[in-house]
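The block underneath contains the structure these notes are about, expressed in structure tokens.
Source: prediction; values computed, not measured. Note on naming: letters A, B, ... go to the chains in the order of the sequence lines (proteins, then strands), and numbering restarts at 1 for each one.
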Amino acid sequence: MSSRERILGRVRRALADVPPDGAPYEEAVPRDYLREHGERTPAEAVELLAENLADYRAVVHRTGAADLPHLVARLLAARGSREVLVPPGLPAGWLSAAGPVRVDDRAESTVERLDRVDSVVTGCAVAIAETGTLVLDGSPDQGRRRISLVPDHHICVVRVPEQVVSSVPQALDRLDPARPSTWISGPSATSDIELDRVEGVHGPRTLEVILLG
Amino acid sequence: MSGTYLGMPAFPRAARDAVNDRTLRGNLRHATHTIRAKRARAVAEVSDWAALREAGKRIKDHTLRHLDRYLVRLEESVTAAGGTVHWAADAEEANRIVTRLVKETGESEVVKVKSMATQEIGLNEALEAEGIRAYETDLAELIVQLGKDRPSHILVPAIHRNRAEIRDIFRTEMGAWGRPAPEGLTDTPAELAEAARLHLREKFLRAKVGISGANFMVAETGTLVVVESEGNGRMCLTLPETLISVVGIEKVVPAWRDLEVFLQTLPRSSTAERMNPYTSMWTGTTGEDGPRAFHLVLLDNGRTDTLADRVGRQALRCIRCSACLNVCPVYERAGGHAYGSVYPGPIGAILSPQLRGTASAIDASLPYASSLCGACYEVCPVAIDIPEVLVHLRERVVQGGPAVREGNRVVLRPAKGHAAERAAMRAAGWAFTHPRALRAGQRLASRTRRLHPRTLPGPGRAWTGTRDLPVLPPEPFRDWWERTRGGKDETR
């Protein structure tokens with residue numbers, strides 16, 4: 001007997017005492033929790049997102065489409081970045097004013113190469129106001145998961161208000177489970193020393209979020 | 001479970017050593033009190049906490065009720081998405097599968113995401129025996145690994161270490177494992193985190209094999225979820241060419257939608273955050289993004305035995321948040337090592353004796369490692385009634401009875417050392433069914449109260465060794481009632 005059959009057999013015997021029918025999945029779980037906590041206008045959701053991002057030490061900027069390239073250029077210059085990593089589908093205009101050398105992420109790019117790049121600029125799939133979370137799902141303007149991980153400085157552009165939802169349930173509704181996703185709430189952090197939060201471990205230690213709208 | 005813990009003394013003895021360690025008590029008190037207040041604030045932020053908790057409980061109960069179906073569904077989904085599913089009935093089989101998979105890649109080192117399941121099966125030791133070095137990459141796990149220590153907390157395995165101790169471990173041990181600690185390292189948490197970043201960076205960049213657990217597996221879609229903070233998880237899940245995830249079978253949830261409950265309750269319960277810094281979700285393999293090969297090892301190792309227990313099966317709802325540890329007065333004083341398992345604290349006291357059985361001294365003593373105050377039940381985000389299971393397991397230890405071990409029905413014998421307790425309970429049972437004898441006994445006891453010793457003699461001594469003997473009233477309640485008509489005529 002394979003271990004698969006052994007384990008499934010043990011499960012069935014273990015449940016011999018429970019009645020065979022049981023409510024179907026749709027009825028078994030009460031969904032009377034809230035879809036979102038409080039009602040917000042789109043503008044209020046963006047406000048809350050900014051507040052919660054900042055609370056977890058992300059640096060939040062706001063700009064319109066016309067000024068975006070200049071803001072990105074300023075942030076990269078202030079950081080002193082010489083190279084900036086670019087996902088394949090990043091809108092061309094976003095980096096049009098930026099000084100650093102553009103490094104395109106390619107399948108054959110080694111991690112050592114990525115590790116030498118100073119900054120990365122990406123878009124996002126959705127942002128969650130209540131938790132201050134950005135979700136990246138590997139779409140062309142976000143690229144592979146590793147590019148928003150290895151460089152120490154991540155600039156993430158959120159189109160507001162259309163990419164902002166209030167809550168976790170609303171965010172899951174918008175995501176495709178088949179795509180790998182990364183949920184980012186502030187720069188990397190740890191609570192492992194005396195259960196106190198310290199920012200800055202393996203992921204980017206500086207997370208800058210541009211609310212574009 | 002892991003051989004690391006074989007021969008552990010029973011809880012009371014191990015706890016006594018811990019209670020006398022002032023540094024340890026100080027470290028634990030500081031850490032648990034910090035997190036308690038923060039958790040309460042994070043939970044108070046969401047007005048529907050009770051509804052989320054109930055939904056989480058019901059999702060888990062429903063899944064466990066149909067576990068066979070959901071496991072098969074999960075296997076189909078993961079396979080369809082390009083992953084390979086393996087089944088492991090016990091720790092030994094899981095270790096064998098993982099060792100074989102690593103050897104097939106030709107690699108002799110792996111990077112690991114913090115995982116309770118791989119701790120439970122002693123994977124690092126098993127790999128070491130086959131010449132494969134496993135690097136722990138979670139900061140607390142790194143502290144434990146470098147310090148040749150054992151984990152003492154589910155979320156923060158090095159909670160028993162303060163910052164000065166961590167600095168000393170980094171200074172003396174990092175060099176033997178790779179890049180040494182920076183010169184002049186101080187004990188500020190930011191510098192310690194930086195030292196870990198530098199030390200592990202080279203390992204992440206060259207790793208070809210990553211090993212993880214998972215917080216959730218979605219049957220419907222085949223998606224696995226890892227919730228973390230530092231980014232070490234993201235490194236291990238996305239940079240290597242091969243990813244092997246070892247996950248307990250109880251971690252499956254039916255649908256994508258179910259994540260909306262747990263992604264709200266888990267971060268608030270564990271690190272007391274609205275959301276943890278990083279959550280990774282992946283479904284099989286994805287072309288150029290992430291590992292080319294993904295293996296999922298589904299682990300039983302006592303879980304189906306636990307599922308067979310009508311009262312105890314609720315322990316399988318656990319999402320390993322560790323809120324119960326942080327509020328437990330016993331854990332705060334005894335520390336995690338006294339529990340003799342990778343699962344310490346209240347959840348460990350009900351999980352370990354079910355996963356491993358109650359045959360050893362440590363496992364038979366764990367159901368007693370509690371004052372039954374109920375704080376653990378109150379904070380549990382999936383409403384596990386830990387006191388109920390503790391009492392149930394105490395009964396099993398004392399009286400024995402039917403249970404399931406490794407899939408077989410067995411009848412457990414009553415544990416040794418509880419003869420006096422059983423005799424006392426039998427006597428009490430007899431007295432309560434014989435009212436006259438009870439009344440005569442109560443009167444006799446009240447009249448002789450001045451002669452009663454402070455501690456019990458003989459086999460009762462162990463009981464009063466840690467407890468005060470209750471003082472008897474001057475007269476039995478029923479006599480008082482008859483004399484005063486229920487207090488209406490107190491002067492009589």
- Task: Tell me, yes or no, whether the heavy-atom count around B:Arg36 atom CZ, taken from other residues, nucleotides or ligands under 6.0 Å, exceeds 12.
- Result: yes
- If you count heavy-atom pairs under 4.5 Å between each of B:Asp138, B:Leu200, B:Thr283, B:Leu139 and chain A, which one has the most? B:Leu139
- Message: Between A:Ala23 and chain B, with a heavy-atom cut-off of 4.5 Å, which part of the residue counts as in contact: side chain, backbone, both or neither?
- Response: backbone
- Which bit of B:Leu259 comes within less than 4.5 Å of chain A, counting heavy atoms only: side chain, backbone, both or neither? both
- Task: Count the heavy-atom pairs under 4.5 Å between each of B:Lys38, B:Met235, B:Glu406, B:Met275 and chain A, then report the option with the highest count.
- Result: B:Met275
- Task: Under 4.5 Å heavy-atom distance to chain A, tell me which part of B:Ile166 shows up: side chain, backbone, both or neither.
- Result: side chain
- What option among B:Glu54, B:His66, B:Arg303, B:Arg313 has the most heavy-atom pairs under 4.5 Å with chain A? B:Arg313
- Honestly, the part of A:Ser109 sitting under 4.5 Å from a heavy atom of chain B is neither
- Task: Hey, could you give me the CG/OG distance between B:Leu155 and B:Ser229, rounded to the nearest 0.5 Å?
- Result: 7.5 Å
- Item | Region of A:Tyr56 that comes under 4.5 Å of a non-hydrogen atom in chain B | side chain
- Query: Is chain A contacted by the side chain of B:Val46, its backbone, both, or neither, given a heavy-atom distance below 4.5 Å?
  - Reply: both
- Query: Which bit of A:Arg35 is near chain B, if near means a heavy-atom gap under 4.5 Å: side chain, backbone, both or neither?
  - Reply: side chain
- Item | A:Glu5 side chain to B:Trp87 side chain, donor-acceptor N/O pair below 3.5 angstrom | no
- Do the side-chain N and O atoms of A:Ser167 and A:Glu36 include a donor-acceptor pair separated by under 3.5 angstrom? no
- Query: Do the charged groups of A:Glu27 and B:Arg58 touch, with an N to O distance under 4.0 Å?
  - Reply: no
- Note on the structure: The reported gap from CH2 in B:Trp282 to CZ in B:Phe294 (rounded to nearest 0.5 angstrom) is 5.5 Å
- Based on non-hydrogen pairs under 4.5 Å, which of A:Leu114, A:Thr133, A:Asp152 is most in contact with chain B? A:Asp152
- Query: Any idea which of B:Asp48, B:Ile35, B:Leu198 has the most non-hydrogen atom pairs under 4.5 angstrom with chain A?
  - Reply: B:Asp48
- Item | Under-4.0 Å salt bridge between B:Asp289 and A:Arg179 | no
- Message: Looking only at the side chains, is there a donor atom on one of A:Glu199 and A:Ser188 sitting less than 3.5 Å from an acceptor on the other?
- Response: no
- Segment of B:Thr137 engaging chain A (4.5 angstrom heavy-atom cut-off): backbone
- Query: Relative to chain A, which segment of B:Glu220 carries a heavy atom at a distance below 4.5 Å: side chain, backbone, both, or neither?
  - Reply: neither
- Message: One thing to verify: whether B:Glu260 and B:Arg257 come together as a salt bridge, which I'm taking to mean a side-chain N less than 4.0 angstrom from a carboxylate O.
- Response: yes
- By a 4.5 Å heavy-atom criterion (distance strictly below it), what part of B:Ala50 contacts chain A: side chain, backbone, both, or neither? neither
- chain A contacts, top residue of B:Leu263, B:Asp90, B:Asp300, B:Asp305 (heavy-atom pairs, under 4.5 Å): B:Asp300
- Item | chain A contact via B:Ala193 - which portion, at a heavy-atom distance below 4.5 Å | both
- Message: Counting only non-hydrogen atoms closer than 4.5 Å, does B:Tyr70 touch chain A with its backbone (N, CA, C, O), its side chain (CB onward), both, or neither?
- Response: side chain
- Message: Need one label for B:Ser47: side chain, backbone, both or neither, based on atoms under 4.5 Å from any heavy atom in chain A.
- Response: both
- Item | Distance in Å, B:Leu52 CG paired with B:Arg268 CZ, rounded so as to fall on 0.5 Å steps | 9.0 Å
- Query: At what distance, to the nearest 0.5 angstrom, does CD of A:Glu194 lie from CZ of B:Arg163?
  - Reply: 4.0 Å
- Query: Heavy-atom distance under 4.5 Å to chain A: side chain of B:Asn232, backbone, both or neither?
  - Reply: both
- Query: Which atoms of B:Thr238 come close to chain A, meaning under 4.5 Å heavy atom to heavy atom: side chain ones, backbone ones, both, or neither?
  - Reply: both
- Message: Under 3.5 Å, is there a donor on one side chain and an acceptor on the other for A:Glu208 and A:His153?
- Response: yes
- Which one of A:Asp173, A:Val150, A:Leu207 has the most heavy-atom pairs closer than 4.5 Å to chain B? A:Val150
- Message: Less than 4.5 Å to any heavy atom of chain A: does that hold for the side chain of B:Ile249, its backbone, both, or neither?
- Response: side chain
- Indicate yes or no for a side-chain donor-acceptor contact from B:Glu228 to the backbone of B:Arg234 under 3.5 Å, with no hydrogens or angles considered. yes
- Item | Polar contact flag, side-chain donor to acceptor under 3.5 angstrom, A:Thr122-A:Gln142 | no
- Query: Of the listed residues (A:Leu172, A:Leu8, A:Asp55), which shares the most heavy-atom pairs with chain B below a 4.5 Å separation?
  - Reply: A:Leu172
- Query: Between B:His153, B:His33, B:Arg39, which is the residue that forms a side chain to side chain donor-acceptor pair (under 3.5 Å) with B:Asn326?
  - Reply: B:His153
- Looking at A:Asp17, A:Val198, A:Leu175, which has the largest count of heavy-atom pairs under 4.5 Å with chain B? A:Asp17
- For the candidates B:Val404, B:Leu71, B:Asn276, which exhibits the highest count of non-hydrogen atom pairs separated by less than 4.5 Å from chain A? B:Asn276
- Ranking A:Ser191, A:Pro187, A:Pro30 by heavy-atom pairs under 4.5 Å to chain B gives rank one to A:Pro30
- Task: Let me know if A:Ala178 has heavy atoms under 4.5 Å from chain B in its side chain, its backbone, both or neither.
- Result: backbone
- May I ask you to check whether A:Asp141 and A:Ser139 show a side-chain donor-acceptor distance below 3.5 Å? no
- Could you state the interatomic distance from CZ (A:Arg144) to OG1 (B:Thr286), rounded to the nearest 0.5 Å? 11.5 Å
- Message: Tell me which of these, A:Gly203, A:Ser2, A:Ser181, has more heavy-atom pairs under 4.5 Å with chain B than the rest.
- Response: A:Ser181
